[in-house]
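Shown next, in structure tokens, is the structure this report addresses.
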Amino acid sequence: MTAPRIHPSAVVDPAATIGEGCDIGPFCLIGPEVTLHARVTVKSHAVITGWTEVGEDTTIFPFATVGEVPQDLKYAGEHTRLVIGKRCRIREGATLNTGTEGGGGITRVGDDVLIMTGAHVGHDSQIGDRVILVNHVAIAGHCVLGDDVIVGGLSGVHQWVRIGQGAIIGAVTMVTNDVIPYGLVQAPRGELDGLNLVGLKRRGVDRAGITALRAAFQTLAQEDGSFQDRARKLAEESDNPLVREIADFILTKSDRSFLTPKGGR
């Protein structure tokens, strides 16, 4: 077992749980309800507070603030949590808040997530695995981001929005409605402008799968009926698991409407 290394200038509450091999740098603040699992690195001047759990091998960079109370005027001091997965990188100046009682009480970040400089994860949001939030992205409260989502720099995601697995959001984009899995969203007021073909290829999706997704996107954009009607058609007619994932996402109850394909109705 490797004992944690704690710089003499760091303030670590005696009640905090510090795992083996952790490295806490100068002038850090670690609160009493914080749990750092094995080999977490906390670089200088970072703050970890609240009822916060940080997974193994995660690195938190200088001036990040992790586990502070929600930016929600309804928050009244209830005992809520932030859970961060393994091997995450939380870069300089990023902020992640705990949950609220009305939102389920927990903000959760998955494994292998990269949260870049100045990005924000709001209360009660659920962030999947391998998500990338580029510099100064703002994720509002109650959002759900599926696995492998990328959000480009200076973009914002409205509260309660869901972004499906594998979707990509271009830089300087405001996302106000749900985004289908594998969707490509861009423009200042986000528009669904196609599929995240680069991401699909990186994941190893074969040509047949991409062809099926292209056809599904055309159905969503051009067929008759409402957006939900077109999704039901996909669910009934396609046996491709990626297409079915998109259809199921659209047909699941949502607190927002959807970004629909450009030119669609």
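Values reported hereafter were calculated over all heavy atoms of this structure, with side chains retained and with hydrogens, waters and symmetry mates removed.
Side-chain contact annotation: Asn177 with Ser257, donor-acceptor N/O pair under 3.5 Å present. Thr100 and Asp124 share a donor-acceptor pair across their side chains, judged by distance under 3.5 Å alone. For the 3.5 Å distance criterion, the side chains of Gln186 and Asp193 qualify, holding a donor opposite an acceptor. No donor-acceptor contact under 3.5 angstrom links the side chains of His79 and Glu101, judged on distance only.
Interatomic distance, OG1 of Thr252 versus CG of Asp178, reported as 10.0 Å (0.5 Å rounding). Summarising the geometry, atom OG1 belonging to Thr95 is positioned 10.5 Å from atom CD1 belonging to Ile90; distances are rounded to the nearest 0.5 Å. Distance CG/Asp148 to CZ/Arg203: 5.5 Å, rounded to 0.5 Å. Atom CD1 of Ile163 is separated from atom CG of Leu259 by 9.0 Å, given to the nearest 0.5 angstrom.
A ring-centre distance under 6.0 Å is found for His142 and His123.
Between Asn97 and Leu82, the shortest heavy-atom contact is O-CD1, 4.0 Å. Across all non-hydrogen atoms, the minimal contact from Val131 to Gly128 is CG2-O, 3.5 Å. Closest approach of Ser254 to Arg256, counting heavy atoms only: OG-O, 2.8 Å.
At most 12 heavy atoms of other shown residues, nucleotides or ligands fall within 6.0 angstrom of atom CZ in Arg89. Remark: Arg39 CZ is packed, more than 12 non-hydrogen atoms of other residues, nucleotides or ligands lying under 6.0 Å away.
The pair Arg5-Asp23 meets the salt-bridge criterion, since a charged nitrogen lies less than 4.0 angstrom from a carboxylate oxygen. The pair Asp57-Lys86 fails the salt-bridge criterion, with no side-chain N (NZ, NE, NH1 or NH2) lying under 4.0 Å from an Asp/Glu carboxylate O.
Because its NZ or CZ atom is both nearer than 6.0 Å to the ring centre of Phe249 and within 45° of the ring axis, Arg162 counts as a cation-pi partner of that residue. Taking the ring axis of Trp51 as reference, the NZ or CZ atom of Arg81 stays within 45° of it and closer than 6.0 Å to the ring centre.
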